[in-house]
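Presented below is the structure to which this report refers.
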Amino acid sequence: MNSDSVKSGVQQAPHRSLFNALGFTAAEREKPLIGIVSSYNEIVPGHMNLDKITEAVRLGVAEAGGMPVVFPAIAVCDGIAMGHAGMRYSLVTRDLIADSTECMARAHAFDALVMIPNCDKNVPGLLMAAARINVPTIFVSGGAMLAGRVGGEKRSLSSIFEAVGAYEAGKIDMDKLCEFEENVCPTCGSCSGMYTANSMNCLTEAIGMGLKGNGTIPAVYSARIRLAKLAGNQIVELWKKNIRPRDIMTKEAFENAMTVDMALGCSTNTMLHLPAIAHEAGIELDMEYANEISARTPNLCHLAPAGHTYIEDLNAAGGIYAVMKELTKKDLLHLDGITVTGHTTGENIKNSVNLDPEVIRPIDNPYMATGGIAVLKGNIAPETAVVKRSAVLPEMMVHEGPARVFDCEEDAISAIKGGDIKPGDVVVIRYEGPKGGPGMREMLNPTSAIVGMGLDSTVALITDGRFSGASRGASIGHVSPEAAVGGPIALIREGDTIRIDIPANKLDVLVSDEELEERRKAWRPKEPNVKDGYLVRYASMVTSGSHGAILKSNL
């Protein structure tokens, strides 16, 4: 289907009358109808500038001979939603975004699409929609926030969450906390570390759906406006050549994305989103394959929260193409796939240069010989669990300690801030998975409290929920199956010994199979946290975190 179905022929006279009502001229109706999916709103700092990006895309489309038509997509600010019931509504928007974009695109027969996302679920939701709708599509994000400064050092959103923990522990006073509050988020844009939004924007380049710089050019740079105009130009070229998302997002492209993910040290949320996007493209990603990729892919970047460099530094160092060029030195990427540039991955990165070997380590001098993410399995996680290995202190790579068990995030935070968690403990937060939450809340508050209180070198946290990309430490999420469906995490008892071995990709509770089976017989489902509204429907349809928390297509 293309826009002729709503513009051409006698039967479309009523449709043309409605285009007349929109102010379309006859000449404009002859042009390809280019939908511009704008995620602009006034509640998400990463989206407050998208009106300017949208206008630049409009100009680019019109200049290239297309007819630009803007329609909206929603977005939640994970930072504002964090730590309360609102976080249940974050991940679930990914599917709402995909579904609503599909509805708008197919109902109005757009010939091509430009996606303008920026923050956490907005990018993967629109990538899912792009794969599903499969008309020529290009992405241009709103760009990253500049890092803030406190005490002469660069800081980001994770710094203020950790500062709250430091204040609760008596390590800083209220004046210092206010200094963090006033300075860590100085501009518009997606928060400045390698958190989920920036991870996904960077991987949009790696997978071939965004132009060079889409993942790294800061939001306040004029280069971001120029990029948007170029994206508007390029979508018309993609339409002319009929280059579609499924031509670009192949199995090899997803392998490239996972490889770049490992090199960058992206958010663990990518392990939810890449399988979901691949599923829409008709490709099934086995999350255990991530360990194979990690085993051969060195970690080249330690961006915040893992280190002290930020997206603006990665941009200045040459951006994602420079990282990819380093990876080609060990033949770690597929180079022949087509991208939205109209050229192959190899052609795109051919002349890229690493301009700062401190920000992007040369491949023969990496931060770690293996990738930034590890997928764990064991009797706690028979399917999988995920950890951002690049943000774990060396002394916590292997850890054994007593379980401190909580059935919700709020109870765990109270215990952490109340001083009830001791060095050596393993905090277990369950019934926060896709079904149990519902919505798989991020656990940035408890992980930040642990770090802020100086416990990150001695305390681990595991959950069937997930973590913000701003989390660091031995934070293991996506434990699957989740507690709400009777997964083994539901059977752990206070004081059980838990063993974490990240290098061996293992996560176990040191309890016999026979004892776990007896506990299983006694287990009863927990009363749902939510009893009405969208979340109830979501919980009835969502699958395991190990499968990307995709929604079942048949009930």
Side-chain angles (χ1 to χ4, degrees), residues 39 44-47 49-50 53 75-79 90 115-127 139-148 154-159 184-207 209-221 223-224 227 257 260-274 299-324 359-360 372-373 388 390-391 442 444 467-472:
S39 305
V44 184
H47 292 230
N49 64 318
L50 295 190
I53 302 298
V76 164
C77 177
D78 278 22
S90 171
M115 306 295 197
I116 308 179
N118 211 21
C119 290
D120 299 55
K121 310 312 158 308
N122 195 240
V123 184
L126 289 177
L127 281 165
F139 277 67
V140 56
S141 76
M145 184 182 291
L146 294 179
K154 285 185 176 181
R155 299 287 188 171
S156 61
L157 181 67
S158 55
S159 304
V184 297
C185 294
T187 71
C188 63
S190 50
C191 296
S192 56
M194 188 53 81
Y195 308 153
T196 305
N198 291 324
S199 294
M200 289 307 304
N201 281 323
C202 289
L203 295 187
T204 301
E205 279 191 64
I207 209 168
M209 290 297 293
L211 298 176
K212 180 182 179 181
N214 183 60
T216 60
I217 297 171
V220 295
Y221 284 14
R224 177 62 59 178
L227 182 72
V260 173
D261 187 331
M262 296 300 170
L264 291 172
C266 289
S267 163
T268 52
N269 280 316
T270 61
M271 296 294 104
L272 281 175
H273 300 322
L274 288 176
N299 178 228
L300 305 181
C301 300
H302 260 196
L303 295 143
H308 300 289
T309 52
Y310 295 80
I311 298 299
E312 64 200 66
D313 302 311
L314 179 59
N315 185 66
I320 302 309
Y321 280 15
V323 173
M324 295 175 76
V359 176
I360 305 171
I373 290 177
K388 187 172 182 174
S390 59
E442 289 182 342
L444 179 56
F467 295 106
S468 165
S471 289
R472 59 187 173 114

_Between Asn214 and Thr204, is the side-chain hydrogen bond (donor to acceptor under 3.5 Å, both in side chains) condition met? List the steps._
CA-CA 8 Å; Asn214 183 60; Thr204 301; 4.8 Å; no

*side-chain hydrogen bond (donor to acceptor under 3.5 Å, both in side chains) assessment of Thr196 paired with Ser267*: CA-CA 5 Å; Thr196 305; Ser267 163; 2.8 Å; yes

*I would like to know whether Ser158 and Arg472 meet side-chain contact (heavy atoms from CB on, under 4.5 Å); could you show each step before the answer?*
CA-CA 9 Å; Ser158 55; Arg472 59 187 173 114; 6.0 Å; no

*Evaluate the side-chain hydrogen bond (donor to acceptor under 3.5 Å, both in side chains) criterion for residues Thr270 and Asp261: first the C-alpha distance (whole Å), next the side-chain angles of each, then the deciding distance (0.1 Å), finally the verdict.*
CA-CA 8 Å; Thr270 61; Asp261 187 331; 2.5 Å; yes

_Is there a side-chain contact (heavy atoms from CB on, under 4.5 Å) between Val359 and His302? Walk through the geometry before answering._
CA-CA 7 Å; Val359 176; His302 260 196; over 6 Å; no

*Which is it for Thr216 and Cys202 under the side-chain contact (heavy atoms from CB on, under 4.5 Å) test, yes or no, and what are the steps along the way?*
CA-CA 7 Å; Thr216 60; Cys202 289; 4.1 Å; yes

*Decide yes or no on side-chain contact (heavy atoms from CB on, under 4.5 Å) for Glu205 and Met324, but give the supporting numbers first.*
CA-CA 10 Å; Glu205 279 191 64; Met324 295 175 76; 5.7 Å; no

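Note that CG of Asn198 and SG of Cys191 are 8.0 Å apart. Values are rounded to the nearest 0.5 Å. Distance CG/Asn269 to OG/Ser468: 7.5 Å, rounded to 0.5 Å. Considering SG of Cys119 and CG of Leu50, their distance stands at 8.0 Å, rounded to 0.5 Å. Rounding to the nearest 0.5 angstrom, the gap separating the CE atom in Met200 from the CG atom in Leu272 is 10.5 Å. Taken from CD1 in Ile373 to SG in Cys266, the straight-line distance is 6.5 Å, to the nearest 0.5 Å. Note that the OH atom of Tyr195 and the CG atom of Leu157 stand 5.5 Å from one another [nearest 0.5 Å].
Side chains of Ile320 and Val260 form a contact here, defined as non-hydrogen atoms less than 4.5 Å apart. Two residues are said to be in side-chain contact when any heavy atoms from C-beta on lie closer than 4.5 Å; Leu274 and Leu203 meet this criterion. In this structure, Val220 and Cys188 have side chains that are in contact, with non-hydrogen atoms separated by less than 4.5 Å. Side-chain contact between Cys301 and Val323 is present, with heavy atoms from C-beta onward closer than 4.5 Å.
Across all non-hydrogen atoms, the minimal contact from Val44 to Cys77 is CG2-N, 3.6 Å. Across every non-hydrogen atom of Pro305 and Met194, the tightest pair is CD-O, 4.5 Å. Counting all heavy atoms, side chain and backbone alike, Gly142 lies closest to Asn49 at O-ND2, 3.1 Å. Residue Tyr310 comes nearest to Leu303 through the heavy atom pair O-CD2, 3.3 Å, listed as atom of the first residue, atom of the second, then distance. Closest heavy-atom contact between Ile311 and Gly215: CG2-O, 3.9 Å. When all heavy atoms are compared, the tightest approach of Ser141 to Asn201 is CB-OD1, 3.2 Å.
In this model, no donor atom of one side chain and acceptor atom of the other lie less than 3.5 Å apart for Ser390 and Asn299.
Under a 3.5 Å cut-off, the side chain of Asn122 and the backbone N or O of Ala75 do not form any donor-acceptor pair. Between the side chain of Arg224 and the main chain of Ile217, a donor-acceptor pair closer than 3.5 Å is present. Remark: side-chain polar atoms of Lys388 are paired, donor with acceptor, to backbone N or O of Gly265 under 3.5 angstrom. Checking side-chain atoms of Ser471 against main-chain N and O of Phe467 turns up no donor-acceptor pair under 3.5 Å. Proximity of a side-chain donor or acceptor of His47 to a complementary backbone N or O of Ser39 within less than 3.5 Å is detected. Looking only at distances, a side-chain donor or acceptor of Ser190 sits under 3.5 Å from a matching main-chain atom of Gly143. Side chain of Glu312 to backbone of Pro218: no donor-acceptor contact under 3.5 angstrom is found.
Under the side chain to side chain donor-acceptor pair (under 3.5 Å) criterion, Asp313 pairs with Lys154, sequence neighbours left out.
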